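Okay, so here's the structure we're looking at.
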Amino acid sequence: MSATIVQKPGDRKEVPAVTSVARRPAPPSRGRGGGGRRGAARASGPGAVLGRGGTGGRFPPVETASAPVREVVLGIIGLGALIVIGLWWRDTPSVSGLGGWLTGAGEILGLLAGYGVVVLVALMARLPPLERGIGSDTLARWHAMGGRYIVSIIVAHGLLIIWGYAVTAHTSVVSESATLLTQYPDVLMATVAGFLLLGVGIVSMRAARRRMRYETWYYLHLYTYLAIALAFSHQFADGASFVNSLAARFWWSAMYLTVGLLVIWYRVAVPVLAFYRHGFRVLGVRDEGPDIISVYIGGRRLADLGAEPGQFFRWRFLTRSLWWSSHPYSLSAAPGADKMRITVKDAGDHSASLRSLRPGTRVFAEGPYGAFTVAGSGRGVVLLAGGVGIAPLRAMFAALPGGVTLIYRASDERDIVFRDELDAIAAARGVTVHYLVGTRAALGGDPLSAAVLRELVPGLARQDVYVCGPAGMTTAAVAALRAAGVPARHIHYESFEF
Amino acid sequence: MRRVIFAIVGTIAGLAALLSFKSHEPATVAATSGATGATGATGAATATGKPPAGERDIDGNVANTVYGPVQVQVVVKDSKIVDVKILEQPSSTANDLQIGQFAFPQLIKETLAAQSAHVDSVSGATYTSGGYVQSLQSALDNGA
């Protein structure tokens with residue numbers, strides 16, 4: 001404890017206001033399909049991913065809303081899978097012999113894969129209830145986990161069907177493969193689709209993703225839409241569960257169509273409409289520290305967006321070099337009526353080039369997204385920021401009603417941004433900021449320990465704690481909080497890494 | 001890693017459970033045959049025109065199987081079965097057709113050897129075999 005620097009600022013008088021835009025890098029990418037922007041390790045980069053998942057368990061960010069939403073959604077997904085299995089059950093008279101078993105397993109996996117890809121797309125369709133209730137980072141994690149599973153299932157489906165048919169037809173696996181490709185309707189297309197999905201799965205694996213640009217990975221991912229389209233027809237042409245059932249074909253098509261329309265609506269139409277309605281433009285760029293900048297974005301009727309402190313947008317700056325990729329950055333201040341702020345740390349090409357943004361540049365903003373918001377439980381609130389994780393917490397800090405304590409951990413004094421702003425807010429509201437600065441070595445241990453936290457925040461165990469920072473810090477902080485007696489359901493966190 | 005193992009084991013266990021519930025030998029050929037008259041005897045036994053001298057074509061009844069109808073035509077000459085033609089077979093999926101492609105030649109060969117409908121069903125094509133035997137038997141009955 002002695003090693004920590006605890007400071008109670010109370011000396012500033014000006015109050016830059018609750019709506020002042022906060023700065024700090026936004027943490028980022030929470031989600032995008034599975035990964036963050038390029039490597040997970042870039043904890044501090046704007047490019048890092050805010051994954052709530054780190055290691056520490058999963059705590060819903062908004063305890064009151066999220067737990068039920070999560071369970072309901074998982075329940076619906078599971079129910080759907082059961083219905084799909086029921087489809088196979090209904091249309092399978094019996095399974096006999098090795099060929100029957102193999103073919104049956106292949107059919108079940110094929111059906112589940114056909115259903116699973118739709119679920120995976122739906123998770124990424126930016127559906128407001130999911131984004132708000134579960135959180136983009138959790139959705140992305142589910143998507144990544146589910147994606148690995150579904151790709152495996154697809155491969156197994158293909159192999160089992162070949163093998164099963166070969167056994168049944170008393171022929172070799174090779175000749176059966178040829179027969180399937182050439183004589184079964186649409187199987188060739190489906191095979192191409194399978195390889196596309198396998199390829200996307202491979203480039204999404206951590207090792208591969210780290211070696212490629214985020215944008216490359218992102219655009220390769222779009223091949224999944226092509227793959228899903230290519231694989232669709234073989235399901236009806238060859239699937240025993242569909243050929244004889246108009247009802248099954250109808251509902252299956254309805255499922256694909258619905259999710260397709262949702263994707264078009266929420267990923268394309270809504271952002272385009274918002275672009276014209278709000279007219280987002282860069283107002284200016286400001287240096288916040290050695291490699292940290294804030295970008296101010298103006299627009300009309302921004303209050304209508306309903307963005308809350310802690311949420312983020314996916315930003316696409318329409319300049320020659322940036323227009324083709326969008327990046328998630330948290331708001332680092334509560335949005336005003338005509339102004340928003342994001343804060344970004346220079347960590348990748350993208351964030352570096354933000355520095356050269358000119359005022360007036362048009363911006364395509366998708367959002368707000370994210371479930372990392374304060375639920376309003378009536379308990380006191382502790383905000384625990386690690387390095388760049390201050391961005392969304394800075395926005396919350398200014399906007400939260402009631403008692404709030406901010407703990408800001410950084411290994412170097414220079415990494416502390418917004419110090420003046422934070423102190424001013426603290427002074428104006430009569431709340432507390434603690435800065436814990438220094439490397440662990442210098443401090444003689446991790447300052448984020450249960451003992452230190454308990455001492456800094458009286459009554460810690462009865463408060464809601466919001467943690468945002470690099471994954472390692474988040475994991476350690478969550479463990480320390482648990483040790484300090486904070487119930488898991490009161491710990492809400494987002495981590496920069498996926 | 002534990003999750004991966006769980007996913008794999010869980011999937012395999014789930015598949016095995018599902019498949020084992022469905023895993024029973026389909027009704028035997030004899031039983032199918034017996035049940036036929038009631039369920040599938042929609043086809044009429046008709047002698048079709050212009051067979052070569054001394055040959056008779058006899059259509060069997062349509063036997064409905066879970067994969068679709070099967071109907072055969074027996075070519076009889078001097079009270080001997082000289083050929084069996086497949087008039088109708090399950091064809092809703094390419095796999096049904098493929099199964100027919102290997103199953104029927106085998107069944108026909110056995111029929112010619114046995115000179116009766118007492119043939120073993122082809123493994124992997126149990127239902128189709130059942131339908132074949134049923135339709136064949138009805139043709140023989142009709143022609144008798």
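From a predicted model like this one, the values you see are computed outputs, not experimental measurements. A note on names: the letters A, B, ... follow the listed sequences, proteins ahead of strands, and every chain is numbered from 1.
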Where does [X] contact chain B at under 4.5 Å (heavy atoms): side chain, backbone, both or neither?
X	value
Glu107(A)	neither
Leu98(A)	neither
Tyr149(A)	side chain
Thr179(A)	side chain
Asn244(A)	side chain

For Ser123(B), does its backbone N or O pair with a side-chain atom of His170(A) as donor and acceptor, under 3.5 Å?
yes
Gap separating the [atom1] atom of [X] from the [atom2] atom of [Y], nearest 0.5 angstrom:
X	Y	atom1	atom2	answer
Gln98(B)	Leu180(A)	CD	CG	6.5 Å
Gln101(B)	Gln183(A)	CD	CD	6.5 Å
Leu15(B)	Ile85(A)	CG	CD1	8.0 Å
Asn95(B)	Thr103(A)	CG	OG1	6.5 Å

Whether over 12 other heavy atoms sit under 6.0 Å from Trp251(A) CH2:
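It does not: Trp251(A) CH2 has 12 such atoms or fewer within range.
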Worked verdict on Leu18(B) versus Trp88(A) for side chain to side chain contact (heavy atoms under 4.5 Å, CB included)
CA-CA 10 Å; Leu18(B) 275 172; Trp88(A) 171 83; 4.2 Å; yes
Shortest non-hydrogen contact from [X] to [Y]?
X	Y	answer
Ala94(B)	Tyr184(A)	CB-CD2, 3.3 Å
Ser96(A)	Thr126(B)	OG-OG1, 4.2 Å
Ala169(A)	Phe102(B)	CA-CE2, 3.3 Å

Below 4.5 Å from any heavy atom of chain A, which atoms of Leu19(B) appear? Answer side chain, backbone, both or neither.
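Backbone plus side chain of Leu19(B), per the 4.5 Å heavy-atom cut-off to chain A.
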For the interface with chain A, which of Ser20(B), Gly14(B), Ala125(B) has the highest count of heavy-atom pairs at distances below 4.5 Å?
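Maximum pair count with chain A is reached by Ser20(B).
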